[in-house]
Engineer: 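Please find one structure pasted underneath; my questions will follow.
We number each residue from 1, following the sequence as shown. Given the structure is predicted, the values throughout are model-derived calculations rather than measurements.
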Amino acid sequence: MTNHQSDLLRVLDQRGYIHQMTDAEGLDTLAAKQVVPGYIGFDATAPSLHVGSLVQIMMLRRLQQTGHKPIVLMGGGTTRIGDPTGRDESRKMLTDETIAANIASIFSIFQQFLSFGDGPTDAVMVNNQDWLGQLGYIELLQEVGTHFTINRMMTFDSVKLRLEREQPMTFLEFNYMILQGYDFRHLSKDMGVRLQMGGSDQWGNIVNGMELGRRMDGADLYGLTTPLLTTAAGAKMGKTAAGAVWLNPAQLSHFDYWQFWRNCDDRDVGRFLKLFTDLPLDEIARLEALGGAEINEAKKVLANEATALCRGEEAARTASDTAAQTFEKGQIGGDLPQAAAPAAGISVVDALRELGFAASNKEARRKLDEGAVKVDGIVIRDPHHLIMPGDAPVPLSLGSKKHGLVSR
């Protein structure tokens, strides 16, 4: 670790957020003497972001915690195009109404992590459709297009990988990096933004925006990226066998969110506590040093703290109580995910799908064949087995860690 003048870089460094910086010394000096407005961009392709975006959200939180101004850039305009980074195919087009609804839903997530308002360090959310939508095509080509060369754009991984795999890349997507670069230039000019942050895969796009701001306005801008985050087992953060770990409770229950953190790999506990909670570093060091069965207590702390940040303290308490009742006391916890059964009952296959324990009928049947499914404590292997809940809900379990209820 480096000795930093600014609280911003010291906190980001100590907690493991920094991968690359364009001018560490210059940014450190700037952050030590003034409020630095910094932004991260998010596209609105779904009603919720997932855990894979949480490092970036926490970076904005750290920015605000150290006395600077976080700006959440929603890609109302760029969502219409699609970031080709890391993608093998073109993104499907969304309607204006869907994008607007997604942005409104995503805003509720950011309200959990940031304080919004009109003050010098209050967070703001902006939508790049507001300026990209006003650009005339000829104006864009004349003013911005002249600062990008095809030679340079062809060297970007997002372009190279798509072409190497012989996957089609539309001219629309090819323009994404130009528009993202223009975002940085616009925010610099209109809101005094000096810093763009993002994942390591955004490094080329960030540098592009910095260079565009320098060429068009003589602006002195900075870029900072986070490491590519994978679990100790090598899985991409935010993806599980059951699908994405959504931040919005409408897409994933409080209990399932809590369980995601509780079930993390022992080797990830210390790193996740630094990245995804506000616990002091000395307390994290104590928890990280726990061994054997005691590491489970550290995982519960991680689950409680991470859930409280994203869903609120009441949600964390309820999920924790449900887990204790279900796993430690052998009772039915009240916050377990539920599937509704019609009067004629529901097949165990459909119930597994409804609860999110299986992504398809095929996967559900495989779990039944493996003897991993229990209905009211009894192993069920028959895919045609009907669950008929009476006045009380019927417990359904998959393995030792997934529990749900089937009710009328």
Engineer: Donor-acceptor pairs are to be reported for all side-chain atoms of residues 215-224 against protein atoms at under 3.5 Å, with residues two or more places apart or in another chain.
Structural biologist:
| residue | atom | partner | partner atom | Å |
| --- | --- | --- | --- | --- |
| R215 | NH1 | H147 | O | 2.7 |
| D217 | OD1 | R185 | NH2 | 3.0 |
| D217 | OD2 | R185 | NE | 2.8 |
| D220 | OD2 | Y222 | OH | 3.4 |

Engineer: Flag the pair Q259 / T307 as yes when at least one side-chain heavy-atom distance between them is below 4.5 Å, and no otherwise.
Structural biologist: no

Engineer: Would you find a donor on one side and an acceptor on the other, under 3.5 Å apart, between the side chain of H68 and the backbone of V36?
Structural biologist: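 Confirmed, H68 side chain pairs with V36 backbone.
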
Engineer: What residue among Q56, Q202, H19 forms side-chain hydrogen bond (donor to acceptor under 3.5 Å, both in side chains) with T226?
Structural biologist: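 The passing option is Q56.
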
Engineer: Say you draw a straight line from NE2 of H50 to CE of M237; how long is it, rounded to the nearest 0.5 Å?
Structural biologist: 10.5 Å

Engineer: Taking side chain to side chain donor-acceptor pair (under 3.5 Å) as the definition, give me every residue that meets it alongside T98, ordered by chain and number, with sequence neighbours left out.
Structural biologist: T95

Engineer: Under a 4.0 Å threshold between the charged nitrogen and the carboxylate oxygen, would R62 count as salt-bridged to D278?
Structural biologist: yes

Engineer: Considering non-hydrogen atoms only, spot the tightest contact between A359 and E363 and give its length.
Structural biologist: N-OE1, 2.8 Å

Engineer: Is the number of heavy atoms from other residues, nucleotides or ligands under 6.0 Å of E370 CD greater than 12?
Structural biologist: yes

Engineer: Does any non-hydrogen side-chain atom of T45 lie less than 4.5 Å from one of T79?
Structural biologist: yes

Engineer: I want to check something: taking the side chain as every heavy atom from C-beta on, are C264 and T231 in contact at a cut-off of under 4.5 Å?
Structural biologist: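 No, side chains not in contact.
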
Engineer: Do you know the tightest heavy-atom contact between G345 and L386?
Structural biologist: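 Residues G345 and L386, closest heavy atoms: C-CD2, 4.1 Å.
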
Engineer: Are the side chains of Q112 and L309 in touch, meaning some heavy atoms are under 4.5 Å apart?
Structural biologist: no

Engineer: Would you say that H254 contacts T322 through its side chain, given a criterion of any heavy-atom pair below 4.5 Å between the two side chains?
Structural biologist: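 A side-chain contact under 4.5 Å is absent here.
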
Engineer: Assess the residue pair V349 and H385 against the criterion (side-chain contact (heavy atoms from CB on, under 4.5 Å)); give the C-alpha distance rounded to whole Å, side-chain angles, the decisive distance to 0.1 Å, and a yes or no.
Structural biologist: CA-CA 8 Å; V349 168; H385 178 86; over 6 Å; no

Engineer: Checking side-chain contact (heavy atoms from CB on, under 4.5 Å) for the pair T318/F255: CA distance, chi angles, key distance, verdict?
Structural biologist: CA-CA 8 Å; T318 304; F255 177 77; over 6 Å; no

Engineer: Which heavy atom of V124 sits nearest to which heavy atom of M191, and what is that distance?
Structural biologist: CG2-CE, 3.8 Å

Engineer: If you round to the nearest 0.5 Å, how far is CG of L252 from CZ of F260?
Structural biologist: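 Between atom CZ of F260 and atom CG of L252 there are 10.0 Å.
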
Engineer: What I'd like to find out is whether the side chain of N127 reaches to under 4.5 Å of the side chain of M125, using heavy atoms alone.
Structural biologist: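 No, too far: nothing below the 4.5 Å cut-off.
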
Engineer: For the backbone of A316 and the side chain of S320, can you confirm whether one donor and one acceptor N or O come within less than 3.5 Å of each other?
Structural biologist: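 Absent.
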
Engineer: Side chains of L63 and L8: closer than 4.5 Å at any heavy-atom pair?
Structural biologist: yes

Engineer: Measure the spacing between CD of E25 and CD of Q5 and express it to the nearest 0.5 Å.
Structural biologist: 8.0 Å

Engineer: If we only count heavy atoms from C-beta on, is the L49 to F42 side-chain gap below 4.5 Å?
Structural biologist: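 When only atoms from C-beta onward are counted, F42 and L49 do touch, with a gap below 4.5 Å.
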
Engineer: Using 4.0 Å as the upper bound for N to carboxylate O, is an ion pair formed by D369 and R366?
Structural biologist: no

Engineer: For L94 and A44, which heavy atoms make the closest approach, and how far apart are they?
Structural biologist: CD1-O, 3.8 Å

Engineer: A298 and V269: which non-hydrogen atoms are nearest, and at how many Å?
Structural biologist: CB-CG1, 3.9 Å

Engineer: May I have the step-by-step check of salt bridge (charged side-chain N to carboxylate O under 4.0 Å, His left out) for D266 and K299, ending in yes or no?
Structural biologist: CA-CA 8 Å; D266 292 1; K299 290 184 183 183; 2.6 Å; yes

Engineer: Should the ring pair W131 and H186 be called parallel, tilted or perpendicular, given that the plane angle runs from 0 to 90° and is split at 30 and 60?
Structural biologist: parallel

Engineer: Under the side-chain contact (heavy atoms from CB on, under 4.5 Å) rule, what do E354 and I346 come out as? Steps first, then yes or no, please.
Structural biologist: CA-CA 10 Å; E354 288 281 329; I346 186 172; 4.2 Å; yes

Engineer: Closest approach of F110 and L60, non-hydrogen atoms and distance?
Structural biologist: CE2-CD1, 4.2 Å

Engineer: Please name all residues satisfying salt bridge (Lys or Arg N to Asp or Glu O under 4.0 Å) with D122, sequence neighbours left out, ordered by chain then number.
Structural biologist: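 Residues passing salt bridge (Lys or Arg N to Asp or Glu O under 4.0 Å) with D122: none at all.
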
Engineer: How far does NZ of K367 sit from CZ of R381, to the nearest 0.5 angstrom?
Structural biologist: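 The distance works out to 13.5 Å.
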
Engineer: Would you tabulate the side-chain donor-acceptor contacts of residues 280-289 under 3.5 Å, counting partners in other chains and residues two or more places apart, or write 'none'?
Structural biologist:
| residue | atom | partner | partner atom | Å |
| --- | --- | --- | --- | --- |
| E283 | OE1 | R286 | NE | 3.2 |
| E283 | OE2 | R286 | NH2 | 2.9 |

Engineer: If I take atom CG from residue L12 and atom OG from residue S6, how far apart are they, to the nearest 0.5 angstrom?
Structural biologist: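 One gets 8.0 Å once the value is rounded to the nearest 0.5 Å.
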
Engineer: Main chain of L114, side chain of Q64: is a donor-acceptor contact present, judged purely on distance under 3.5 Å?
Structural biologist: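 A pair under 3.5 Å: no.
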
Engineer: Show your working on side-chain contact (heavy atoms from CB on, under 4.5 Å) between D28 and M21 and close with a plain yes or no.
Structural biologist: CA-CA 10 Å; D28 193 29; M21 287 187 280; over 6 Å; no

Engineer: Run the side chain to side chain contact (heavy atoms under 4.5 Å, CB included) test against S48 and tell me which residues pass, sequence neighbours left out.
Structural biologist: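 S48 satisfies side chain to side chain contact (heavy atoms under 4.5 Å, CB included) with I109, W246, L247, N248, Q251 only.
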
Engineer: Could you tell me whether K402 and D256 make a salt bridge, using a distance below 4.0 angstrom between a side-chain N and a carboxylate O?
Structural biologist: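 D256 and K402: not salt-bridged.
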
Engineer: Flag the pair D268 and R271 as a salt bridge only when some basic side-chain nitrogen lies within less than 4.0 angstrom of an acidic carboxylate oxygen.
Structural biologist: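 Answer for the salt bridge query: yes.
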
Engineer: Measure from the side-chain N and O atoms of R15 to the backbone N and O of L275, and report whether any donor-acceptor pair falls under 3.5 Å.
Structural biologist: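 The answer is no, because no donor-acceptor pair under 3.5 Å joins these two groups.
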
Engineer: Hey, can you tell me if F276 and F272 have their rings parallel, tilted or perpendicular (30° and 60° cut-offs)?
Structural biologist: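 F276 vs F272 ring planes: perpendicular.
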
Engineer: About how many Å separate CZ of R365 and CG of L352, when rounded to the nearest 0.5 Å?
Structural biologist: 11.0 Å

Engineer: Does either side chain, that of D183 or that of Q196, offer a donor lying less than 3.5 Å from an acceptor on the other one?
Structural biologist: no

Engineer: The criterion is side chain to side chain donor-acceptor pair (under 3.5 Å); which residues satisfy it with T225, sequence neighbours excluded?
Structural biologist: none

Engineer: Have N128 and T78 got a donor and an acceptor in their side chains that come within less than 3.5 Å?
Structural biologist: yes

Engineer: More than 12 heavy atoms of other residues, nucleotides or ligands under 6.0 Å from CD of E313: is that the case?
Structural biologist: no

